[in-house]
*Asks:* 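Below are the structure tokens for one structure; questions will follow.
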Protein chains: 2
Amino acid sequence: MNLKQLSEILGLSQTTVSRALNGYPEVNEDTRLRVQAAAAKHGYRPNSRAKGLATGRSMVIGHVIPSSSQHEMVNPIFGDFVAGAARKYSDHGYDMMFTNADDTSIEEAYRSLFQRGAVDGIVLQGPKVNEHRIEVLTRMGVPFIVHGRSTGVDVPYDWIDVNNKSSFLRATRFLIDLGHRRIALINGLEDMDFAQRRRDGYLEALHEAGLSPDPELMRSAEMTEVYGHHETRDMLRLDDPPTAILTASMISAIGVRRALNEAGLKMGKDVSVIAHDDDLSYLKNGQDVPIFTATRSSVRRAGEMAAEMLIERIKSPEDPVKTRLLEAELVVGGSTGPAPDRF
Amino acid sequence: MNLKQLSEILGLSQTTVSRALNGYPEVNEDTRLRVQAAAAKHGYRPNSRAKGLATGRSMVIGHVIPSSSQHEMVNPIFGDFVAGAARKYSDHGYDMMFTNADDTSIEEAYRSLFQRGAVDGIVLQGPKVNEHRIEVLTRMGVPFIVHGRSTGVDVPYDWIDVNNKSSFLRATRFLIDLGHRRIALINGLEDMDFAQRRRDGYLEALHEAGLSPDPELMRSAEMTEVYGHHETRDMLRLDDPPTAILTASMISAIGVRRALNEAGLKMGKDVSVIAHDDDLSYLKNGQDVPIFTATRSSVRRAGEMAAEMLIERIKSPEDPVKTRLLEAELVVGGSTGPAPDRF
DNA sequence: TGCGTTATCCAAAGCGCTTTGAAAATGAGT
DNA sequence: ACTCATTTTCAAAGCGCTTTGGATAACGCA
């Protein structure tokens, strides 16, 4: 059932039917009702490709899944971020499109998505330091928003980010206040911008307290459970092992916990742990009392906000750049306590 | 840059340019090269909406994210499944589209996706028992594939599924062979088809061994860490607590482990645990020796296969129904051991 | 030279919608 | 009754591509 057929059934022109359905004022309210009834009855749905061709808008937002060939890793926050965004998109009549791209073709993927007219806007996830893609998107003139920021990129762009530096600064201070001096950082990959900022926060807190950073206590890799476990076990073997560990995600924190248990150490007593908690739906940080002391910021909420900001941008391409910095909560759970007395 | 402009630059007709670019034989190889060079030079990319309109195909596959209003849960396997599928899609020139729909409007979401011409095929995820959506899609005549199956639906349809029953049957047998008699099942939501089948496998193994199921040892809810923890703690308080626990996912198994640790029990010694492992990229089951004894089946691989099967279906709508049943591996890790001697 | 083939290219129709510019119908005002 | 303004409807163009049905050029061969 297409517009032509529907209009023939109704004995009206396509123009009138189209206008009736799209809420234009220049159509009699009676005919509008008639048209709407007929559309519903016959299950008419305007073809979105044709509509897109005619209007020049696709009503689709694009995301790219970087499927790196080296590390076949899907970011665990992906699902929640997307779920948050998807909800807002559908509120505004947008759909969501994904393209897969490996590291080498990622720029091409963005370009293709927009220049083919497949999407009206793009969400850029997981920016690295000096993120090249931001300039690419800027030059292309596509409306986009970055989830995160990129140190070293000086063109202006819309972004939404957690204040990673301040989160880790506060978390580290918290540990220092508890008397910890040997504080480890199990960070994400440090070419990622967020990881860099967390590291900065951590280092600043150490510096404030007159503590000098120990490279042995600073680890960086992809945020998996296995990695959290591996690095913790490794550090526990040091002559002067950490009494506290900051870790970049709940997933890796679980690995940390596993390593502590294996070593017969009690988390929150022998070793304190603070994790960053993205508030994932399938991995809540306990129910009443948090399991881990954590810096918490809902990535789902970030997805919602990113979607809204992008839709705004699409509506008003000339608006000044919008940015949004979210402060993470520091929630205290059972995984932290005063530094043990070793002497 | 559109086709018209490009053809004017080249001094050729749109027809020829289009054919040259799409590999039709009726164009001189020299001109083809000329055209391709010009297209590359000017960054010409055919508008996918226009192309879709003209061809009647959108080259997009649709997925629906069911954002249930009750439980705001994103399935943790989502990311990996999608990553697997996305890769295959892009190999075949397809994009991937998501729509969000709450429980009430989910049927409408599928209908809209296809009848608007937005997608050429649909992936149905997480089927329940007696899944209504399957009949809806069948009646609509849209090519689709189900990830999972649905007991009680007797129309034929394409699906790919893990042999959940056999997995849990084997896992339960394995525990019985180790001398366990009090075996608990911490299952997913049992209106989900996969959970039902796992339950069947579990019950069958008990039955074979002449054990009668104890309702106190059979739990069912959404597969979160908190839930695994909660149910385990609850069961450990029973007069006759379980000596072994089967659990539906690695995530809930982590909760199980946490509860065991809190109770001062040693996993694999005091209580054995078997988990179902979807082989998620961010949650590998250990590196060398698996942490958990597990029934393992890569959901990413399932995503790849689903994508391929769906693309086949779109190509050949009249082919007989295709189904694919994957057997999970039973990998033995450190979380299982002989039943403790309580007497 | 003329004619049939084949290789190469083209004009125009059509995909299903929106939107412009104009016509027809209605109503108000005198 | 007639004019003018307003409301309501319409025909047709256009969005950017593919594809049908020809046209033209090139070629081989008698």
Side-chain angles (χ1 to χ4, degrees), chain A residues 1-36 38-39 42-60 93-95 111-120, chain B residues 1-39 42-60 93-95 112-120:
Chain A
M1 170 67 56
N2 59 23
L3 184 60
K4 192 173 173 193
Q5 292 165 17
L6 184 63
S7 61
E8 278 164 6
I9 289 177
L10 282 161
L12 289 169
S13 74
Q14 299 190 35
T15 312
T16 306
V17 176
S18 169
R19 285 188 165 150
L21 258 20
N22 290 313
Y24 281 74
E26 56 271 78
V27 44
N28 192 319
E29 208 51 37
D30 292 345
T31 34
R32 186 192 305 282
L33 291 172
R34 248 181 75 218
V35 170
Q36 281 170 344
H42 296 92
Y44 168 71
R45 287 157 207 277
N47 182 297
S48 44
R49 280 176 266 127
K51 192 164 185 159
L53 233 207
T55 57
R57 280 169 296 119
S58 61
M59 299 306 284
V60 176
Y94 282 87
D95 286 320
R111 206 181 284 282
S112 153
L113 220 39
F114 182 63
Q115 294 181 351
R116 269 162 43 207
V119 305
D120 293 339
Chain B
M1 170 65 57
N2 59 22
L3 184 61
K4 192 173 173 190
Q5 292 165 17
L6 184 64
S7 60
E8 277 164 6
I9 290 177
L10 282 160
L12 289 170
S13 74
Q14 299 189 34
T15 311
T16 305
V17 176
S18 168
R19 284 188 166 151
L21 258 21
N22 290 312
Y24 281 73
E26 54 272 77
V27 43
N28 191 320
E29 209 51 36
D30 291 347
T31 34
R32 186 192 306 283
L33 291 172
R34 247 182 75 219
V35 169
Q36 282 170 343
H42 296 90
Y44 168 71
R45 288 157 207 275
N47 182 298
S48 45
R49 280 177 266 126
K51 191 164 186 162
L53 233 207
T55 57
R57 280 169 299 117
S58 60
M59 299 307 283
V60 177
Y94 281 88
D95 285 321
S112 154
L113 221 40
F114 183 62
Q115 294 182 352
R116 269 162 42 207
V119 305
D120 293 338

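In the text below, chain A, chain B and the rest are named by the order of the sequence lines, each starting its count at 1.
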*Asks:* Out of D:dC17, D:dA12, C:dC17, which nucleotide sits closest to the side chain of B:Q14?
*Replies:*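 Of all the options, the side chain of B:Q14 is nearest to D:dC17.
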*Asks:* Counting heavy atoms from C-beta on, name the nucleotide in D:dA11, C:dT18, D:dT18 closest to the side chain of B:L3.
*Replies:*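 Nearest to the side-chain atoms of B:L3, counting from C-beta on, is D:dT18.
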*Asks:* Provide, to the nearest angstrom, the distance between the CZ atom belonging to A:R49 and the C1' atom belonging to D:dT18.
*Replies:*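 In whole Å, D:dT18 C1' lies 13 Å from A:R49 CZ.
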*Asks:* Check whether A:N47 reaches the backbone of A:R49 with its side chain - one donor and one acceptor, N or O, closer than 3.5 Å.
*Replies:*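 Present.
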*Asks:* Quick one: which of D:dT9, D:dC17, D:dT18 gets closest to the side chain of A:N28?
*Replies:*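 Given the options D:dT9, D:dC17, D:dT18, the side chain of A:N28 is closest to D:dT9.
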*Asks:* How many whole angstroms separate atom CD of A:E29 from atom P of D:dT6?
*Replies:*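 These atoms are roughly 20 Å apart.
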*Asks:* Taking all non-hydrogen atoms of both residues, which atom of B:L6 and which atom of B:H42 are closest, and how far apart?
*Replies:*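 Nearest heavy atoms, B:L6 then B:H42: CD1-ND1, 4.3 Å.
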*Asks:* Roughly, in whole Å, what's the span from NZ in B:K51 to C1' in D:dT19?
*Replies:*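 My rounded result for the distance is 13 Å.
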*Asks:* Rounding to a whole Å, what distance do you find between A:R32:CZ and D:dT7:C1'?
*Replies:*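 One finds 13 Å between C1' of D:dT7 and CZ of A:R32, rounded.
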*Asks:* What is the distance, to the nearest angstrom, from the CG atom on A:L10 to the P atom on D:dT9?
*Replies:*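 It works out to 11 Å between those atoms.
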*Asks:* Reckon A:K4 has a side-chain N or O less than 4.0 Å from the OP1 or OP2 of C:dG16?
*Replies:*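 For C:dG16, neither OP1 nor OP2 has a side-chain N or O of A:K4 closer than 4.0 Å.
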*Asks:* Is it true that a side-chain atom of B:S48 and a backbone atom of A:R116 form a donor plus acceptor pair closer than 3.5 Å?
*Replies:*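 Answer holds: yes.
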*Asks:* Once you round it to whole Å, what is the distance between C1' of D:dC17 and CG of B:L12?
*Replies:*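 Checked: the CG to C1' distance equals 17 Å.
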*Asks:* If you assign B:A50 and B:E26 each to the DNA chain C nucleotide with the nearest heavy atom, which residue ends up on the more 5' nucleotide?
*Replies:*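 So the residue in question is B:E26.
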*Asks:* Given D:dT19, is OP1 or OP2 found less than 4.0 Å from the side-chain N or O atoms of B:Y24?
*Replies:*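 For D:dT19, OP1/OP2 do have a side-chain N/O of B:Y24 under 4.0 Å.
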*Asks:* Examine C:dC15: is either OP1 or OP2 under 4.0 Å from a nitrogen or oxygen in the side chain of A:N47? Give yes or no.
*Replies:*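 For C:dC15, OP1/OP2 do not have a side-chain N/O of A:N47 under 4.0 Å.
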*Asks:* Between B:T55 and B:S13, just flag the one whose closest nucleotide in DNA chain C comes earlier from the 5' side.
*Replies:*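 Taking each residue's closest nucleotide, the earlier one in sequence belongs to B:S13.
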*Asks:* Take A:M59 and A:D120 through the side chain to side chain contact (heavy atoms under 4.5 Å, CB included) test and state the conclusion after the steps.
*Replies:* CA-CA 6 Å; A:M59 299 306 284; A:D120 293 339; 4.3 Å; yes
*Asks:* Could you tell me whether the phosphate oxygens of D:dT9, OP1 or OP2, come under 4.0 Å of any side-chain nitrogen or oxygen in A:T16?
*Replies:*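 Indeed not, no polar side-chain atom of A:T16 lies that close.
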*Asks:* Does D:dT18 have OP1 or OP2 sitting under 4.0 Å from an N or O in the side chain of B:S18?
*Replies:*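 For D:dT18, OP1/OP2 do have a side-chain N/O of B:S18 under 4.0 Å.
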*Asks:* What's the closest nucleotide to the A:T15 side chain, out of D:dT9, C:dT19, D:dC17?
*Replies:*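 The nucleotide sitting nearest to the side chain is C:dT19.
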*Asks:* Expressed in angstrom and rounded to an integer, what is the separation of A:L6 atom CG from C:dC17 atom P?
*Replies:*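 So the CG-P distance, A:L6 to C:dC17, works out to 9 Å.
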*Asks:* D:dT18 P sits how many Å from A:R116 CZ, rounded?
*Replies:*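 After rounding, the reported distance stands at 13 Å.
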*Asks:* Considering only side-chain heavy atoms of A:L53, which listed nucleotide, D:dC17, C:dG16, D:dC10, is closest?
*Replies:*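 The listed nucleotide nearest to A:L53's side chain is C:dG16.
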*Asks:* By nearest atom, which of the nucleotides C:dG16, C:dC10, D:dC10 is closest to the A:N2 side chain?
*Replies:*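 Taking heavy atoms from C-beta onward, the closest nucleotide is C:dG16.
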*Asks:* Please give me the minimum heavy-atom distance between B:R19 and B:R32, naming the atom from each residue.
*Replies:*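 Scanning both residues, the minimum pair turns out to be O-NH1, 3.8 Å.
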*Asks:* Kindly say if B:S48 contacts the phosphate of D:dC17, meaning a side-chain N or O under 4.0 Å from OP1 or OP2.
*Replies:*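 Checking B:S48 against D:dC17: no side-chain N or O falls below 4.0 Å of OP1 or OP2.
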*Asks:* Shortest non-hydrogen contact from B:S58 to B:G117?
*Replies:*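 Minimum heavy-atom separation between B:S58 and B:G117: CB-O, 3.7 Å.
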*Asks:* From the options C:dG16, C:dC9, D:dT18, select the nucleotide whose nearest atom is closest to the side chain of B:R19.
*Replies:*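 Comparing C:dG16, C:dC9, D:dT18 against the side chain of B:R19, the answer is C:dC9.
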